[in-house]
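Here's the structure we're looking at; comments come further down.
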Amino acid sequence: MPEALLRGQTAIVTGGSSGIGAAVCLGLAAAGAAVAVNYRSDRDAAEALVARIAAAGGRAAALPADVSREEDVAALFRHTEARLGPPDIVVANAGLQRDAAIGEMTLAQWRTVLDSNLTGQWLCAREAVRAFRRRGPRPDLSRALGKILCMSSVHEVIPWAGHVNYAASKGGVAMMMRSLAQELAAERIRVNAIAPGAIRTPINRSAWETAEAEAKLLTLIPYGRVGEPEDIAKAAVWLASDESDYVTGITLTVDGGMTLYPGFQDNG
Ligand code: NAD
């Protein structure tokens, strides 16, 4: 990762203590950014990541917040600014699943997923815009006033039986991201999303942890391998940097072809 790409910039990564978020923290730090590693409950994991970044010569801080809570998000931004400086990059990555068939899905399961995955991203995006405006342009650091990255999913387009809350939240993220991008482009705030396919993280452990489960999963992935968190981190660094300065309002799908309707491969 070229260190100069994000040198002098500060990033906030929500849900940064595990999986994709942790890889994104490491990727942004390797590109020179100071990183606020947000966690909800796993403080030890967040501190361990901060230590790893510091050992490699980077700057980072572990900061708690439940992104579904307005006051927590405000505090996360305040503490980031105090510890690492005002944010230039905000990666709204935190997300969760509460799976159930529709007949059994409780209102609490629906709300928990929408609150974290959609409202949480909206709260972070709003706070990011306020912070970018307060700080003003820094053309020495970036051509953009600020960059927002939303972690979506291939389920912003692929319907997902038994996961209607999750798919609805990611479909919502897609239109939230595009509407914000349209609203904010004239201010040079870029808003983009990444749609990961199947990435090897704790959120979907049951889908890859046995050889049998992984073989079944691979039938959905034309490229023939499960994704790794680093695949997403590389896309995040690009979208956060001036290398993608003319890119706003897109979902960058990183899925080994999962959205290419692999069921049609032998059936043309
Ligand atoms: P993960 O479970 O390892 O990480 C998610 C993190 O978000 C966890 O650390 C969790 O504590 C945190 N989190 C959840 N709700 C939160 C809240 N309200 N406040 C603060 N933190 C909260 O899983 P992951 O795979 O790394 O997921 C990261 C993102 O990527 C999620 O948005 C997920 O929907 C998305 N995604 C993952 C995959 C995949 O295959 N792993 C595919 C598509 C999209």
Side-chain angles (χ1 to χ4, degrees), residues 12-27 36-49 62-77 90-99 108-109 111-125 127 149-158 160 163 165-174 176-177 193-209 213-214 217-218 220-221 225-233 235-236 251-256 258-259:
I12 298 176
V13 181
T14 67
S17 64
S18 74
I20 290 171
V24 170
C25 289
L26 291 170
V37 180
N38 159 249
Y39 65 94
R40 188 175 46 177
S41 52
D42 198 345
R43 181 177 177 171
D44 290 350
E47 294 287 5
L49 198 64
L63 297 173
D66 176 339
V67 298
S68 68
R69 296 170 60 90
E70 191 171 25
E71 61 278 21
D72 281 22
V73 173
L76 171 63
F77 277 71
V90 172
V91 184
N93 163 79
L96 44 75
Q97 291 179 213
R98 293 289 183 271
D99 309 330
Q109 286 173 318
R111 283 192 172 142
T112 298
V113 172
L114 270 290
D115 283 356
S116 285
N117 295 15
L118 183 57
T119 306
Q121 291 209 12
W122 172 77
L123 283 169
C124 291
E127 214 53 42
L149 289 187
C150 300
M151 202 55 69
S152 185
S153 162
V154 288
H155 295 294
E156 72 168 49
V157 291
I158 302 178
W160 205 12
H163 304 74
N165 46 1
Y166 185 83
S169 74
K170 298 299 187 180
V173 164
M176 178 190 76
M177 177 277 293
I194 297 174
I199 310 298
R200 206 182 298 276
T201 75
I203 208 172
N204 58 359
R205 185 179 298 281
S206 62
W208 51 261
E209 77 178 340
E214 183 163 340
L217 181 59
L218 286 175
L220 299 174
I221 308 173
R225 69 171 174 87
V226 177
E228 302 297 336
E230 294 70 29
D231 291 314
I232 306 305
T251 294
L252 179 52
T253 301
V254 183
D255 71 344
M258 189 178 247
T259 42

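All ligand and atom numbering here is 1-based and tracks the order in the structure.
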Close side-chain approach of [X] and [Y], heavy atoms under 4.5 Å:
X: Leu114; Y: Ser169; result: yes
X: Asn38; Y: Val67; result: yes
X: Leu96; Y: Val113; result: yes
X: Val173; Y: Asn117; result: no

Heavy-atom contact check, 4.0 Å cutoff: does [X] meet ligand 1?
X: Ser152; result: yes
X: Asp66; result: yes
X: Gly120; result: no
X: Ala45; result: no
X: Gln97; result: no

Which residue supplies the protein heavy atom nearest to [atom], what is that atom called, and how far is it?
atom: atom 24 (P) of ligand 1; result: Thr201 OG1, 3.4 Å
atom: atom 27 (O) of ligand 1; result: Ile203 CD1, 4.1 Å
atom: atom 40 (O) of ligand 1; result: Ile199 N, 2.8 Å
atom: atom 14 (C) of ligand 1; result: Gly95 O, 3.4 Å
atom: atom 21 (N) of ligand 1; result: Ala94 CB, 3.5 Å
atom: atom 11 (O) of ligand 1; result: Arg40 NH2, 4.2 Å
atom: atom 3 (O) of ligand 1; result: Ser18 OG, 2.8 Å
atom: atom 43 (C) of ligand 1; result: Pro196 O, 3.3 Å

Legend entry - Atom CD of Glu70: over 12 foreign heavy atoms under 6.0 Å: no
Inset, instruction - Quick one: look at Ala65 and ligand 1, take heavy-atom pairs under 4.0 Å, and tell me if it's side chain, backbone, both or neither. - result: backbone
Inset, instruction - Report the part of His155 (side chain from C-beta onward, or backbone N, CA, C, O) that has a heavy atom under 4.0 Å from ligand 1; answer both or neither where that applies. - result: neither
Considering [options], which one's heavy-atom position lies nearest to [atom]?
atom: atom 38 (C) of ligand 1; options: Ala207, Pro229, Gly197, Ala198; answer: Gly197
atom: atom 36 (N) of ligand 1; options: Trp208, Tyr166, Tyr39; answer: Tyr166
atom: atom 19 (N) of ligand 1; options: Leu96, Val113, Asn117, Val67; answer: Val67

Would you mind listing which atoms of ligand 1 come within a distance below 4.0 Å of any non-hydrogen atom of [X]?
X: Asn204; result: 39 (C), 40 (O), 41 (N)
X: Gly15; result: 6 (C), 7 (O), 12 (C)
X: Gly19; result: 3 (O), 26 (O)

Name every donor-acceptor pair, under 3.5 Å, that has one atom in a side chain of residues 225-233 and the other anywhere in the protein, sequence neighbours excluded.
unit_1	atom_1	unit_2	atom_2	d
Arg225	NH1	Asp231	OD2	2.9
Arg225	NH2	Asp231	OD1	3.2
Glu228	OE2	Arg200	NE	3.1
Asp231	OD2	Glu228	N	2.8

Examine distances only and state if a side-chain atom of [X] and a backbone atom of [Y] form a donor-acceptor pair shorter than 3.5 Å.
X: Gln109; Y: Arg98; answer: no
X: Asn204; Y: Ala207; answer: no
X: Asn93; Y: Met151; answer: no

For residues 39-46, which side-chain donor-acceptor pairs fall under 3.5 Å, sequence neighbours excluded?
unit_1	atom_1	unit_2	atom_2	d
Asp42	OD1	Ala45	N	3.2

For ligand 1 and [X], I'd like to know whether there is a polar contact (N/O to N/O, distance under 3.5 Å).
X: Ile20; answer: yes
X: Asn93; answer: yes
X: Ser153; answer: no

Legend entry - Stepwise side-chain contact (heavy atoms from CB on, under 4.5 Å) test for Cys150 and Met176: CA-CA 9 Å; Cys150 300; Met176 178 190 76; 4.0 Å; yes
Legend entry - Option from Leu76, Val73, Val90 for which side chain to side chain contact (heavy atoms under 4.5 Å, CB included) with Thr14 holds: Leu76
Inset, instruction - Please report the C-alpha distance between Leu49 and Leu26 in whole Å, then the side-chain angles of each, then the deciding distance to 0.1 Å, and finally whether the side-chain contact (heavy atoms from CB on, under 4.5 Å) criterion is met. - result: CA-CA 8 Å; Leu49 198 64; Leu26 291 170; 3.9 Å; yes
Inset, instruction - Over 60° means perpendicular and under 30° means parallel, so classify the ring planes of His155 and Trp160, tilted if in between. - result: parallel
